[in-house]
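Counting convention: from 1, in listed order, for ligands and their atoms alike. One-based numbering along the sequence shown. Small disclaimer: the values here were computed from a predicted structure and weren't measured.
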Amino acid sequence: MMSKTHLAVGIAAALAAAPASVEGLNFALMGGAIGSLICDIDRSSERPSRDVKQGWGIAFTVFFAGFMHESYAYWQTFKAENLWGNPLRLLFLGLLVVLFLFAINGAHRGFSHSLLMFAASSVLIFLINRQTCLFYAIGFLTHIFLDVLNKKPVRVFYPAKGVCLRWFYADGIANSILLLCGTAACAALLILKFKISENILNVMHY
Ligand SMILES: [Zn+2]
């Protein structure tokens, strides 16, 4: 599937699993955005298409906004988990960068689309920031699932050969339908869960 479709479906799945709180939704947006696109870093040697540029542009904007919100919340309350409070986290972040650099150089739909990459990156993200990990993992799994539906093999069980169901073309009608449904689900879940979080706060207040 195309980048924006991966992003929409991945974020929608992460939001569905998120608790109804501003912080929970924030972590779901951050983890879902990066998790749903990270597999495709193995396309970095290609000339990026408009869809890829737009997809990564949206993902980075969502992640950066969430990161700034979380940093602000931390400095305001000193209660939220600090992303940079523990020097060990910088080591795990370094290892994550090394893992991503290794994945960048692989063939498309190879190592970066595998359960090996999923497990290694999820563990490192868990060690860096626990709240984002589940949503990153959900985003990652939706990416693999959507790519397996296509006609080009995905090496999910790397180093074994790739698998695919050959149901859809990556840029065909199924892609458009999934993009539309994913975007609608993102908007509906955000509004619904934000409303629920407001109601919970109101009940606690009175
Ligand atoms: Zn992919």
Side-chain angles (χ1 to χ4, degrees), residues 1-17 28-64 96-126 132-186:
M1 298 298 164
M2 308 297 278
S3 296
K4 280 180 288 183
T5 307
H6 281 301
L7 203 57
V9 174
I11 291 179
L15 287 172
L29 286 169
M30 289 168 73
I34 299 301
S36 63
L37 275 197
I38 200 69
C39 298
D40 281 347
I41 52 170
D42 60 6
R43 293 176 69 183
S44 58
S45 59
E46 296 171 20
R47 206 164 152 236
S49 64
R50 213 173 85 173
D51 172 72
V52 169
K53 282 185 201 164
Q54 287 175 345
W56 278 107
I58 297 167
F60 277 127
T61 306
V62 168
F63 182 83
F64 187 70
L96 190 66
V97 171
V98 171
L99 181 71
F100 287 167
L101 286 175
F102 178 72
I104 280 177
N105 291 306
H108 185 39
R109 294 192 176 165
F111 174 74
S112 74
H113 286 63
S114 69
L115 292 176
L116 215 56
M117 164 84 166
F118 167 73
S121 59
S122 296
V123 167
L124 286 170
I125 286 176
F126 177 80
T132 322
C133 179
L134 171 70
F135 308 115
Y136 168 85
I138 290 172
F140 197 110
L141 290 178
T142 61
H143 188 112
I144 293 181
F145 174 74
L146 291 179
D147 273 357
V148 165
L149 302 178
N150 295 341
K151 295 184 183 264
K152 189 173 187 276
V154 185
R155 295 181 77 180
V156 182
F157 305 104
Y158 185 93
K161 271 170 67 180
V163 290
C164 63
L165 293 171
R166 298 182 181 277
W167 286 357
F168 308 122
Y169 285 103
D171 54 357
I173 184 78
N175 175 69
S176 306
I177 293 170
L178 283 166
L179 174 61
L180 204 70
C181 293
T183 308
C186 282

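- Residue H6 does not count as close to the Zn ion (ligand 1), with no N, O or S atom under 2.8 Å.
- Coordination check, D40 versus the Zn ion (ligand 1): passed, since an N/O/S atom of the residue sits under 2.8 Å.
- Under the 3.5 Å distance criterion, the side-chain polar atoms of S122 are left unmatched by any main-chain donor or acceptor of A119.
- S112 contributes a side-chain N or O that, together with a main-chain N or O of C39, makes up a donor-acceptor pair within less than 3.5 Å.
- Within the coordination shell of the Zn ion (ligand 1), defined by N, O or S atoms under 2.8 Å, H108 is absent.
- A donor-acceptor pair under 3.5 Å is absent between the side-chain atoms of H113 and the main chain of R155, judged by distance alone.
- Rounded to 10°, the angle formed at the Zn ion (ligand 1) by D147 OD2 and H113 NE2 is 90°.
- Closest approach of C186 and I11 over heavy atoms only: SG-CG2, 3.7 Å.
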